[in-house]
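Reading through the structure tokens given below for one structure.
If you're wondering where the values come from, they're calculated on a predicted model, not measured in any experiment. To find a chain, count down the sequence lines: A is the first, B the second, and so on, and within it residues start at 1.
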Protein chains: 2
Amino acid sequence: MDPSASSSSFAADQVARRAAVIARHLRDATGGTPYASSLLVPAACLHYSPPEASEKASFDSREMRRLMDGHDVEARDWLFRVMEESLLFCPRRRGGEKVFVAPDYNQTKEQQREATMRRIDYLLGRGVFDGWLTGRGPEAEMKRFAFFECLGIYDHSLAIKLGVHFFLWGAAIQFFGTKRHHDKWLKDTENYVVKGCFAMTELGHGSNVRGIETIATYDSNTEEFVINTPYESAQKYWIGGAAKHATHTIIFSQLHINGANQGVHAFIAQIRDADGNVCPNIRIADCGHKIGLNGVDNGRIWFDNLRVPRENLLNSVADVLPDGQYVSSIKDPDQRFAAFLAPLTSGRVNIAVNAVYISKVGLAIAVRYALTRRAFSVSPNGPEVLLLDYPSHQRRLLPLIAKTCAMSCAANFLKSLYVKRTPEAKKIIHIYSSALKATLTWHNMRTLQECREACGGQGLKTENRIGILKGEFDVQSTFEGDNNILMQQVSKALLGEYIAAQKRKKPFKGLGLEHMNDPCPVIPANLTSCTLRSITFQTDLFCLRERDLLNRFASEVSQYQNHGESKENAVNLSYQLAEELAGAFTERKILQTFMDNEMTLPAGPLKDVLGLLRSMYALICVEEDASFIRYGYLSLSNAAAVRKEVMKLCTDLRPHVLAVVSSFGIPDAFLSPIAFDWIEANSWSFLNTD
Amino acid sequence: MDPSASSSSFAADQVARRAAVIARHLRDATGGTPYASSLLVPAACLHYSPPEASEKASFDSREMRRLMDGHDVEARDWLFRVMEESLLFCPRRRGGEKVFVAPDYNQTKEQQREATMRRIDYLLGRGVFDGWLTGRGPEAEMKRFAFFECLGIYDHSLAIKLGVHFFLWGAAIQFFGTKRHHDKWLKDTENYVVKGCFAMTELGHGSNVRGIETIATYDSNTEEFVINTPYESAQKYWIGGAAKHATHTIIFSQLHINGANQGVHAFIAQIRDADGNVCPNIRIADCGHKIGLNGVDNGRIWFDNLRVPRENLLNSVADVLPDGQYVSSIKDPDQRFAAFLAPLTSGRVNIAVNAVYISKVGLAIAVRYALTRRAFSVSPNGPEVLLLDYPSHQRRLLPLIAKTCAMSCAANFLKSLYVKRTPEAKKIIHIYSSALKATLTWHNMRTLQECREACGGQGLKTENRIGILKGEFDVQSTFEGDNNILMQQVSKALLGEYIAAQKRKKPFKGLGLEHMNDPCPVIPANLTSCTLRSITFQTDLFCLRERDLLNRFASEVSQYQNHGESKENAVNLSYQLAEELAGAFTERKILQTFMDNEMTLPAGPLKDVLGLLRSMYALICVEEDASFIRYGYLSLSNAAAVRKEVMKLCTDLRPHVLAVVSSFGIPDAFLSPIAFDWIEANSWSFLNTD
């Protein structure tokens with residue numbers, strides 16, 4: 001550092017630098033002070049110190065992980081290792097010993113698609129998909145959920161490409177097909193002998209599936225369906241797998257027989273031969289570059305008098321006899337149509353579940369960075385302050401952590417509900433999967449945005465994951481049902497329950513609405529910290545809100561109807577209450593699943609921390625939803641008490657934060673350089689080890 | 001469409017299809033009904049109809065554009081044409097006659113960087129940058145702002161690469177340099193004989209510039225500064241232009257003379273020779289792939305005993321004499337340091353201004369799409385409903401349009417303030433540029449997210465712009481000052497004014513705080529629609545909030561101090577009020593600039609629409625900020641009245657929406673396929689015309 005020294009040769013410089021780095025490492029390792037106290041040295045704060053060195057856990061984060069993951073912890077870890085072991089998953093060394101895996105997003109979409117397909121081939125070879133379609137029973141399904149979550153943490157394209165093949169194409173055959181379809185396709189699908197896609201959405205119709213324009217007409221002479229794309233707006237759109245890899249597809253189409261439209265049905269068709277050539281009577285085009293998911297080959301499909309045999313109609317709900325007679329076990333066309341949307345439910349479950357896991361990735365990275373990055377000092381010449389020791393930074397991240405933990409429990413509840421499904425539970429699953437898909441994906445986007453900003457510019461570097469996850473997962477808010485529409489459907493369903501209960505004059509039953517039968521809860525006039533953190537108070541307050549909003553919504557809709565509006569218009573005009581009600585319903589359910597998990601624990605440090613997180617979840621929901629004061633569920637002074645309590649909870653949770661994000665169970669390799677020694681990861685010495 | 005027809009040859013099919021498409025076009029052009037009413041045809045709603053056909057403007061949108069753009073309308077249009085005329089801007093035909101320009105984001109970062117540089121060369125040749133550094137006076141600066149806005153609409157990388165060169169490197173020489181630097185560098189910069197970058201941020205210090213660790217030591221023997229990167233955390237980071245193209249840089253460094261640190265100073269250094277080779281004693285590495293701005297070559301720089309001549313110190317604020325004597329016209333080190341941050345102010349102005357323009361792009365696309373896309377019908381067999389005719393869809397987009405118009409006026413105010421700057425106005429410019437940079441960029445991100453979701457999956461296609469703009473502009477929330485920190489600085493400044501006024505016992509003066517001297521406004525007990533839309537009421541309510549929050553913030557900080565906290569800690573602990581206060585201050589200022597513009601208009605349809613937009617801006621701010629009810633500025637019944645009025649304003653604004661987004665003045669080529677005939681743009685016939 002002698003300013004009068006002349007510059008020596010570059011090579012000698014490099015040696016000297018390397019020696020200095022090593023010397024510093026040795027000093028650090030032996031606990032020596034690296035920097036003498038003088039004007040010419042930087043503040044000690046820039047010395048990287050692993051968060052584990054200063055943050056001590058009060059509870060066993062492995063135990064908490066079992067609770068949050070809910071199931072298949074060892075299977076998850078096995079799959080993480082399977083991915084880490086392959087060069088196809090692009091392991092990159094950054095800094096000392098740390099290796100990180102992540103796709104190369106600097107590739108073109110064409111390259112990313114091939115990389116995704118190669119990863120699938122590898123995973124297939126490792127047996128990851130064994131039993132995904134041929135396995136039966138809740139345990140097999142839960143393990144499949146767990147695997148799907150882990151694959152999604154690596155890359156959303158990987159998950160979606162698998163999801164289309166297994167959960168749309170495969171599930172359509174399972175649910176809509178009968179034995180002949182199962183025998184012919186399921187095993188071959190599981191082994192990737194065929195590659196399936198799912199042609200439902202059209203350019204002109206996405207959420208409104210009932211309006212699709214593709215037409216299948218039955219030809220009894222040849223016992224075939226003739227499928228056509230009658231207009232440009234009927235082209236199949238966004239079909240994952242169609243642009244490049246898929247060999248087969250499910251086609252959703254209006255079914256016309258003898259001039260009558262029997263509504264939307266599903267057919268199997270081959271679209272490519274074994275050499276990858278597009279089959280005759282089919283045209284395919286690319287959907288082009290997207291802001292994420294470029295590893296998925298979304299395509300567009302047109303059908304020109306495409307003929308498929310009668311047997312290719314997926315006929316579990318309805319069938320066409322050789323002579324053209326239409327037969328169905330479900331007489332009501334509305335119910336028949338609803339039956340065709342069943343696989344979307346499993347899609348929504350997957351989306352909701354994956355969203356929580358991605359929020360965990362973002363939070364684990366942002367929290368670890370905030371425990372090692374310092375900025376500004378609060379006293380002259382004092383050390384710079386850790387980001388997470390700023391009250392405002394705690395306020396940004398800690399409520400999101402609490403929400404993520406609560407939503408983890410809700411996601412586990414949803415999976416359990418789904419795998420134990422019965423025909424009677426169909427409506428309940430539809431409502432919960434819609435509510436949680438919307439709520440958990442919105443939460444995910446918000447969490448990633450907050451985490452990205454909390455990491456400053458580092459959050460924008462692709463290698464640090466948070467930023468790129470935003471683009472990759474943005475699609476979640478609108479695919480398999482636009483979130484706003486799903487939430488409106490939830491409110492409409494609740495309204496249906498309300499009207500039915502009124503008409504039947506019977507108590508509410510199901511969907512957790514039983515509290516509507518009890519007397520209206522009373523909120524104490526002056527809320528103490530102790531009350532604010534109590535399960536009874538939190539439950540009462542959430543039930544009070546839900547009850548009142550349901551009453552208000554029903555009353556507003558009925559008022560609009562009294563003024564001559566149709567029921568549909570009346571509901572559309574009451575969108576604000578519909579939105580508030582659906583939110584209240586969902587948050588009450590999430591709180592309940594969190595409490596259910598807390599109850600299973602014996603008294604001890606883990607239960608204490610879970611209690612803090614549950615209170616944070618409850619009170620941040622209260623603080624963020626103005627309806628609590630707007631409709632008077634809380635007095636202004638009680639609302640102010642809630643706000644103060646959130647700050648206190650930030651302070652109380654701060655010592656446990658590292659242990660909580662560790663319990664998310666994301667392996668180091670799936671986090672990113674800024675989650676560890678980011679000074680070393682950025683050092684010149686390690687530049688050429690990539 | 002005959003179901004019994006056997007499939008003919010593919011070529012014949014193609015001819016038939018083309019003929020059918022042409023026939024349909026002819027029918028449409030002659031006004032015939034394209035579809036007979038039968039079971040086998042789609043609903044007429046899927047026929048694309050340009051929004052102009054049904055939406056009639058009540059006012060002249062060119063007149064409104066003059067108001068929103070504020071200045072240099074013709075110059076903007078000239079520059080748009082300059083970009084449209086060059087193949088370097090990637091014009092692509094989509095559908096009939098429509099051509100759109102946009103960068104190819106499917107390229108690698110290396111390709112995107114070269115494409116950006118080639119576009120700059122072309123623009124240089126067309127004289128776009130003439131006078132950007134050598135021009136003088138407010139008019140030249142305003143035109144430069146306008147050009148920069150237009151370039152940013154094409155691509156953020158293009159804007160940022162220019163911004164680093166002109167507004168950071170160039171402005172640093174202008175502001176920190178003296179005649180010798182101006183003579184040597186400004187003309188060469190304007191002509192791109194040199195390519196500049198700006199090495200301020202380090203790995204360890206971003207927002208906290210004062211803490212940077214790079215050291216420049218003066219060597220009086222050779223009359224040189226010797227610049228070093230003493231630690232890995234001191235490596236220069238995020239330096240735009242450094243990774244590939246820049247030949248020169250400004251280096252921010254601590255200045256050490258005779259063992260004393262004189263604080264942060266700025267130096268000029270060459271980093272590459274004419275052949276693009278990195279100069280001796282400098283090491284450069286790439287910052288890697290990012291979630292946006294991959295057309296900018298961000299790099300990292302290390303200095304190893306780099307020697308620069310004494311004359312390269314930018315010496316407008318302080319100088320070092322040949323013998324090593326340090327001289328400065330500013331004795332206070334804090335003020336000296338502040339002087340070095342001046343160019344960041346111009347950066348913030350640019351960022352704020354560009355953010356509004358990008359919101360306009362997003363909204364123009366989303367509104368045009370919502371006026372042509374239909375989904376679901378509200379009556380059995382009725383036509384599907386235009387997205388924008390759903391009350392909830394109006395509620396998503398219309399308030400954002402009103403905010404964008406209001407912020408347009410605020411951006412114009414900020415530009416005017418900046419170009420007329422005086423030394424006395426420095427603090428005011430700092431406060432307004434901080435407040436508006438944060439508020440307008442947050443608004444931009446939120447607007448783009450809402451617009452993207454409002455367009456469903458189409459919002460994710462790169463060619464439709466909205467989605468990709470999210471990733472490209474995300475950086476705005478944290479660069480040149482983290483938004484949260486900027487807003488905290490605003491509140492701290494307001495607190496300073498408050499304390500000064502108290503101490504001096506003198507009235508408030510400046511920053512629009514004069515209303516604090518008046519009696520506290522009184523809000524009527526029952527708000528009518530007429531009152532809610534009145535300028536007086538809106539002003540009173542916003543001033544009431546600001547006044548009360550400033551009082552509360554000052555009181556809370558002082559309470560914390562009375563309990564023994566340092567002032568810094570007290571402010572940090574009061575972050576919630578600080579956030580609310582800064583928001584209240586900024587929204588009041590934005591409202592005021594909007595009203596100022598409205599006042600300039602004669603009575604007539606344009607003024608009427610501006611009044612609706614202004615009321616929407618005011619009332620949506622009220623609805624979204626719970627502090628109005630939390631602190632009792634509005635009674636619950638008045639708050640409910642505000643909410644109803646927002647719905648009414650949606651209805652009242654609905655007929656004017658197309659004209660308003662047309663007044664944003666974005667040329668068609670810079671919108672996207674979904675803003676026009678998206679059925680034709682996606683048709684098979686036009687697939688191979690790209």
Determine whether Q458(A) and L203(B) make a side-chain contact, defined as any pair of heavy atoms from C-beta on separated by less than 4.5 Å.
yes

If one checks every heavy atom of R210(A) against chain B at 4.5 Å, the contacting part turns out to be neither

Measure distances from S207(B) to the heavy atoms of chain A and classify the residue's part below 4.5 Å as side chain, backbone, both or neither.
both

With rounding to the nearest 0.5 angstrom, report the OG1 to CG distance, T478(A) to L460(B).
5.5 Å

Between Y105(A) and chain B, with a heavy-atom cut-off of 4.5 Å, which part of the residue counts as in contact: side chain, backbone, both or neither?
both

Honestly, the part of Y631(A) sitting under 4.5 Å from a heavy atom of chain B is side chain

Assess the side chains of N106(B) and E110(A): does a donor N or O sit below 3.5 Å from an acceptor N or O?
yes

Contact origin within T108(A) toward chain B - heavy atom pairs under 4.5 Å:
both

Side chain / backbone / both / neither for K470(B) at chain A, heavy atoms under 4.5 Å:
side chain

Would D474(B) and Q449(A) count as having a side-chain donor-acceptor pair, cut-off 3.5 Å?
yes

What part of F479(B) gets within 4.5 angstrom of chain A, counting heavy atoms only: side chain, backbone, both, or neither?
neither

Any heavy-atom pair between the side chains of H289(B) and E463(A) that's under 4.5 Å?
no

Any donor-acceptor N/O pair, K461(B) side chain to C287(A) backbone, under 3.5 Å
yes

Under 4.5 Å to a heavy atom of chain B? For Q488(A) that would be side chain

Could you measure the distance from the CD atom of Q576(A) to the CE atom of M647(B)? Nearest 0.5 Å is fine.
6.0 Å

Measure I485(B) against the heavy atoms of chain A and call it side chain, backbone, both or neither at under 4.5 Å.
side chain

Can you find a heavy atom in the side chain of Y231(B) that is under 4.5 Å from one in the side chain of H47(A)?
no

Sort D286(B) into side chain, backbone, both or neither according to what part of it lies under 4.5 angstrom from a heavy atom of chain A.
neither

Does any non-hydrogen side-chain atom of S392(B) lie less than 4.5 Å from one of E579(A)?
no

Atom CD of E472(B) and atom CD1 of I291(A): how far apart are they, to the nearest 0.5 Å?
11.0 Å

Validation row: W684(B), Q235(A) side chains within 4.5 angstrom (heavy atoms)
no

Can you check whether R452(A) reaches S477(B) side chain to side chain, under 4.5 Å on heavy atoms?
yes

Let me know if I466(A) has heavy atoms under 4.5 Å from chain B in its side chain, its backbone, both or neither.
neither

For the atom pair CG (N208(B)) and OG (S377(A)), what is the distance rounded to the nearest 0.5 Å?
7.0 Å

Name the member of V475(B), N569(B), I468(B) that forms the most heavy-atom pairs with chain A at distances under 4.5 Å.
V475(B)

For G204(B) and R373(A), the nearest pair of non-hydrogen atoms, with its separation, is O-NH2, 3.2 Å

Chain B: which of F225(A), Y390(A), Y237(A) shares the most heavy-atom pairs with it under 4.5 Å?
Y237(A)

Mind ranking G457(B), S379(B), S566(B) by heavy-atom pairs under 4.5 Å with chain A and telling me who comes out on top?
G457(B)

Check whether any side-chain heavy atom of N682(A) lies under 4.5 Å from a side-chain heavy atom of R300(B), and answer yes or no.
yes

Side-chain touch R396(A)/N484(B), heavy atoms, less than 4.5 angstrom
yes

Would you give the length of the straight line joining atom CZ of R643(B) to atom CZ of R630(A), rounded to the nearest 0.5 angstrom?
3.5 Å

Which pair of heavy atoms, one from P391(B) and one from L573(A), lies closest together, and at what distance?
CG-CD2, 3.8 Å

Kindly determine whether W442(A) and E453(B) satisfy side-chain contact (heavy atoms from CB on, under 4.5 Å), including the steps that lead there.
CA-CA 11 Å; W442(A) 273 330; E453(B) 293 183 33; 3.4 Å; yes

Between L636(A) and chain B, which part of the residue has a heavy atom less than 4.5 Å away: side chain, backbone, both or neither?
side chain

Do side-chain atoms of R395(B) reach the backbone of Y575(A) as a donor and acceptor pair under 3.5 angstrom?
no

